[in-house]
Amino acid sequence: MNTRMVNELKSSEVDVCALTDLNENAGTAALIDERQIALFYVKKTEQVYALSNYDPFSEVNVISRGIIGSIGDELVVASPIYKQHFNLETGQCLEDESVCINAYPVKIINGRVVVGTNS
């Protein structure tokens, strides 16, 4: 990581990887501060989304293995176990409004994926 990059980060942000390390339209798991995070690079929107990797329905860390899609205007990931859909921006479950997984803010800085850890 270069000095300029370090100076741009806040204490609550973590430089996770290069954007080119992520597969387009697929999930990747990352470990940040002992939390498993699922990163999703959506090529169409040129955005990266970050959610908790923990699926509260199956109680395992598998969200990063889910399939990205959309329901109406919402970008979602479908859990690979029981197929619940989670909004990529908010973490809200579409099938059960009482369930929401953590969503983390993401920035791309100098081609690097930076995730906020305050969620």
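Since this is a predicted model, take the numbers as computed values, not measurements. All residue numbers refer to positions in the sequence shown, counting from 1.
Residues Q92 and N87 have side chains that never bring a donor and an acceptor to within less than 3.5 angstrom of each other. Counted by atom type alone, Y41 and E46 present one or more donor-acceptor pairs between their side chains at under 3.5 Å.
Closest heavy-atom contact between C100 and T90: SG-O, 3.4 Å. Taking both residues in full, the closest heavy atoms of D96 and S98 are given as OD1-OG, 2.6 Å, listed atom of the first, atom of the second, then distance.
A heavy-atom distance below 4.5 Å is found between the side chains of V42 and Y49. Put simply, the side chain of F86 reaches to within 4.5 Å of the side chain of P56, judged on heavy atoms. Inter-residue side-chain proximity for L94 and E74 is flagged as met; some heavy-atom pair is nearer than 4.5 Å. Within the 4.5 Å cutoff, no side-chain heavy atoms of D21 are placed close to those of T28. At a threshold of 4.5 Å between non-hydrogen side-chain atoms, the residues I63 and S79 count as touching. Here the side chains of Q36 and L31 are in contact, with some heavy-atom distance below 4.5 Å. Annotation: side chain of V113 is in contact with side chain of I108 (closest heavy-atom distance under 4.5 Å).
Between the N25 side chain and the I68 main chain, no donor and acceptor come within less than 3.5 Å of each other. In this structure a side-chain-to-backbone donor-acceptor pair under 3.5 Å is present from E95 to H85. For D55 (side chain) and V60 (main-chain N/O), no donor-acceptor pair under 3.5 Å exists by modelled atom type. The backbone N or O of T117 lies less than 3.5 Å from no partner atom in the side chain of S12, so there is not a single donor-acceptor pair.
Remark: I81 CD1 to E59 CD distance equals 12.0 Å, nearest 0.5 Å. From D15, atom CG reaches atom NZ of K107 across 12.0 Å, with rounding to the nearest 0.5 Å. Rounding to the nearest 0.5 Å gives a distance of 7.5 Å between CG of N102 and CZ of R35. With values rounded to the nearest 0.5 angstrom, F40 atom CZ is found 13.0 Å from T45 atom OG1. Remark: E13 CD to I109 CD1 distance equals 5.5 Å, nearest 0.5 Å.
I101 and Y104 are assigned to two separate hydrophobic clusters, defined by single-linkage of ILVMFWY side chains at heavy-atom distances under 4.5 Å. L19 and L75 are members of different hydrophobic clusters when ILVMFWY side chains are connected at heavy-atom separations under 4.5 Å.
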